[in-house]
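Here's the structure, in structure tokens; my notes come after.
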Amino acid sequence: MSENPINAEQLIKIFDSQIPFVQLMNYYRCAIMEVETKLNVLNAEFSMQYDRNPIETIKTRLKSPVSIYEKTKRKGIPFNASAIEQSIFDIAGIRVVCSFIEDIYKIAEYLTKQDDIRVISIKDYIQNPKESGYRSLHVILEIPIFLSNQKRWTKVEVQFRTIAMDFWASVEHKLRYKKNIKNPELIAGRLKEYAEIITHVDMGMQEIRSQIDSAETFDDDE
């Protein structure tokens, strides 16, 4: 006999009623706040040094009970707090949107070099984009959160994108879940084509900013 699936309402009740799940989600909320604060501090410091903000927006999200459950099924792991914490690394998520590609790497470097950060993995989909054309820098890290009776290391996934990359990814995500699309291969091909165009735009804007910065430096020296 097949196992009866858990519906969304049941999942939410499980998460809201069982102490291990409630505690786990609170750890992730605290970790998001810690990393977001670090990013805001870096953005403010960068603004003072270079007279501009490298970060356009910071978006945070906590994976829903339904998404967590679906991922446990795909990964074949038990649906309990301990297994989830050990095996799923993107429950706490932060998306950092920058104007320029260069800023992505600078902010990511400044963040990951802090002595209370442990880097678990880095996946560079900017230099090595996915087959679909998706581009982003993914960093999974651990950060300590300080509770009343313990220090607890908690994982957070930070995604870094330019404004153009974020726009493309948002549109692609919406279209991916549309049903009954005619000629899906054609749509996928066009999305990949526009991903390449967006990359050229990002690189061009980076070159323009570098030219402006060089001109301003030259003027200051005169």
Side-chain angles (χ1 to χ4, degrees), residues 11 14-16 18-46 54-98 101-130 134-162 165-166 169:
L11 285 169
I14 290 172
F15 267 73
D16 289 344
Q18 293 190 13
I19 291 176
F21 283 121
V22 173
Q23 289 178 331
L24 182 61
M25 300 311 283
N26 188 54
Y27 298 152
Y28 286 122
R29 288 189 190 93
C30 293
I32 285 173
M33 288 189 288
E34 292 282 354
V35 177
E36 186 176 13
T37 298
K38 286 178 174 292
L39 290 165
N40 282 321
V41 170
L42 287 172
N43 197 38
E45 181 186 9
F46 202 100
I55 298 175
E56 292 290 332
T57 60
I58 300 173
K59 305 173 185 177
T60 66
R61 70 104 179 94
L62 199 62
K63 216 172 186 63
S64 70
V66 174
S67 295
I68 294 171
Y69 176 71
E70 289 174 348
K71 195 152 191 176
T72 62
K73 299 296 285 185
R74 290 196 302 271
K75 293 173 72 74
I77 62 175
F79 186 63
N80 61 62
S82 177
I84 288 169
E85 184 176 17
Q86 293 300 316
S87 303
I88 300 179
F89 297 166
D90 63 345
I91 293 175
I94 297 179
R95 184 177 304 153
V96 182
V97 179
C98 300
I101 294 174
E102 182 180 86
D103 292 338
I104 287 176
Y105 289 107
K106 282 185 178 179
I107 295 298
E109 180 184 7
Y110 295 154
L111 178 65
T112 55
K113 281 189 173 181
Q114 295 187 11
D115 59 11
D116 60 345
I117 292 284
R118 294 175 180 171
V119 178
I120 305 300
S121 69
I122 298 177
K123 293 182 179 179
D124 191 343
Y125 296 117
I126 298 174
Q127 298 296 324
N128 302 288
K130 292 186 178 182
Y134 174 86
R135 286 170 168 81
S136 184
L137 179 68
H138 290 197
V139 179
I140 295 176
L141 53 83
E142 274 189 326
I143 186 168
I145 57 172
F146 294 87
L147 306 170
S148 61
N149 59 350
Q150 63 173 314
K151 178 177 77 172
R152 188 180 185 91
W153 289 89
T154 306
K155 295 179 181 67
V156 179
E157 182 187 56
V158 187
Q159 297 179 358
F160 296 88
R161 301 174 182 171
T162 63
M165 291 174 195
D166 190 52

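As a basis for the values below, the full set of heavy atoms in this structure was taken, side chains included, without hydrogen atoms, waters or symmetry mates. When a residue number appears, it is its place in the shown sequence, counting from 1.
- Annotation: side chain to side chain donor-acceptor pair (under 3.5 Å) contacts of K63 (sequence neighbours excluded): D90.
- Looking at heavy atoms from C-beta onward, T162 lies out of side-chain contact with C98 at the 4.5 angstrom threshold.
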Salt bridge (Lys or Arg N to Asp or Glu O under 4.0 Å) for K38 and D116? Distances and angles first, verdict last. CA-CA 11 Å; K38 286 178 174 292; D116 60 345; 3.0 Å; yes
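- Among all heavy-atom pairs drawn from L111 and V35, the shortest one is CD2-CG1, 4.4 Å.
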Using a 3.5 Å cut-off and no angle test, enumerate the donor-acceptor pairs between side-chain atoms of residues 136-146 and protein atoms at least two apart in sequence or in another chain.
{"from": "S136", "atom 1": "OG", "to": "F160", "atom 2": "O", "distance (Å)": "3.1"}
{"from": "H138", "atom 1": "NE2", "to": "Y134", "atom 2": "OH", "distance (Å)": "2.7"}
{"from": "E142", "atom 1": "OE2", "to": "K155", "atom 2": "NZ", "distance (Å)": "3.1"}

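- Between L11 and E70, every side-chain heavy-atom pair lies at or beyond the 4.5 Å cut-off.
- Of all heavy-atom pairs between T72 and P78, the closest is CG2-O, 4.3 Å.
- Listed by chain and number, the residues in a ring pair (Phe, Tyr, Trp, His ring centres under 6.0 Å) with F21 are F15, F79 (sequence neighbours excluded).
- Side chains of P65 and I14 form no contact here, defined as non-hydrogen atoms less than 4.5 Å apart.
- Scored by the side chain to side chain donor-acceptor pair (under 3.5 Å) test, N40 finds no partners at all (sequence neighbours excluded).
- For the pair R161/R95, a side-chain contact is recorded, criterion being any heavy-atom separation below 4.5 Å from C-beta on.
- Residues passing the side chain to side chain contact (heavy atoms under 4.5 Å, CB included) test with K75, sequence neighbours excluded: K71, I77, S87, I88.
- In this structure the side chain of D103 never reaches within 4.5 angstrom of the side chain of I55, judged on heavy atoms.
- By the side chain to side chain contact (heavy atoms under 4.5 Å, CB included) test, Q150 pairs with Y27, L147, R152, sequence neighbours left out.
- For the pair Y69/R74, no side-chain contact is recorded, criterion being any heavy-atom separation below 4.5 Å from C-beta on.
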